[in-house]
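Note that these values count all heavy atoms, side chains included, but never hydrogens, waters or copies made by symmetry. First listed ligand is number 1; within each ligand, the first listed atom is number 1.
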Amino acid sequence: MIVARSIAELSRHRPELAGTVALVPTMGALHAGHRSLVELARLHADSVMVSIFVNPLQFGAGEDFGAYPRPIEDDLETCDSLGVDLVFAPTAADLIGSDPQVGVSAGRLGTVLEGASRPGHFDGVLTVVAKLINLTRPGLSVFGRKDAQQLACIQAMSRDLNLGTEVVGAPIVREEDGLALSSRNVYLNDGERGSALALSRALGAAGRAIDPESALAAARSEITGAETAHPWVERDYVELVEPSTFLPLPADHRGPALLALAVRVGRTRLIDNQLLDFG
Ligand code: AMP
């Protein structure tokens, strides 16, 4: 496995990769969710690259950039065991530089829902993903549906800026009890880990509802129940949105809808989502 720790090393080794090449961008602290992305990439491509970069541009003031886990040696072992061909793990000084002037705007999609809670977040994601795509030139890049709005922003960027990479979405990987895997789950203590199950319970309750109004009410009621039971649980948003625009849906909506939620559990902010259909 090639490990490129700088742009220069990447440029030197990228030509060694043969055939169709896929990129799986990550911030490291790799778990089974990331592993499933690599496996999906492998199904579609002859060579697989993984980038590991904790992107400072996508963290807001007061968020967990400093505390974000960075087990780089474990991550390299994981990539090696998955047969990854190249890992790109640059430093921030190398990838971002000291005084960047130009970035990508996620437009309206970057300002609603998750983008409203985290101003500038999707601009920061897109700026770095654009750089990663320009540097690695993948025919295909794989992103998880766990971050559904991020996936939509990246698909829009690839289309609108003609990046020439096919953006593939991968299913959400969950623990057996329903909690979506996340590098941030390591922050949860035992009590918080238990109350974090309210997110997947809310999605399950919404999935059993017969119309948008009752789906949203059922999901919100699960989160309100958790807030009442545990003072460390605090809802950021629970919304039913149109799956490509992420704008709210009318109560009489028919057809596909995305239930998206963000909940603080202690000092950890968790997100989850599920596609529903009110055909
Ligand atoms: P991150 O390292 O959190 O930036 O995530 C890197 C990629 O892995 C993103 O495309 C995420 O959507 C994806 N991902 C993270 N957690 C999961 C999960 N539980 N299931 C599927 N994909 C995931």
(request) Considering only Ile, Leu, Val, Met, Phe, Trp and Tyr, and joining two whenever side-chain heavy atoms are under 4.5 Å apart, list the other residues clustered with Leu261. (result) Leu179, Leu188, Leu197, Leu199, Leu203, Leu216, Ile223, Trp232, Val233, Val238, Leu240, Leu249, Leu259, Val263, Val265, Leu270, Leu276, Phe278
(message) Could you check whether atom CZ of Arg264 has more than 12 heavy atoms from other residues, nucleotides or ligands sitting under 6.0 Å from it?
(response) no
(request) Consider only side-chain N and O atoms of Glu114 and Ser117, and report whether a donor and an acceptor are under 3.5 Å apart. (result) no
(request) Tell me, please, which residues at least two apart from Phe65 pass ring-ring contact (aromatic ring centres under 6.0 Å, His included). (result) Phe59
(request) Measure from the side-chain N and O atoms of Gln149 to the backbone N and O of Leu109, and report whether any donor-acceptor pair falls under 3.5 Å. (result) yes
(request) Would you check ligand 1 and list the protein residues that come within less than 4.0 Å of it by any heavy atom, ordered by chain and number? (result)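 The answer is Pro25, Thr26, Met27, His31, Gly33, His34, Leu37, Tyr68, Phe143, Gly144, Lys146, Asp147, Gln150, Pro171, Ile172, Val173, Leu181, counting any residue whose heavy atom sits under 4.0 Å from ligand 1.
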(request) Keeping to residues at least two apart or across chains, list the side-chain hydrogen bond (donor to acceptor under 3.5 Å, both in side chains) pairs with something in residues 119-142. (result) Ser141-Thr165
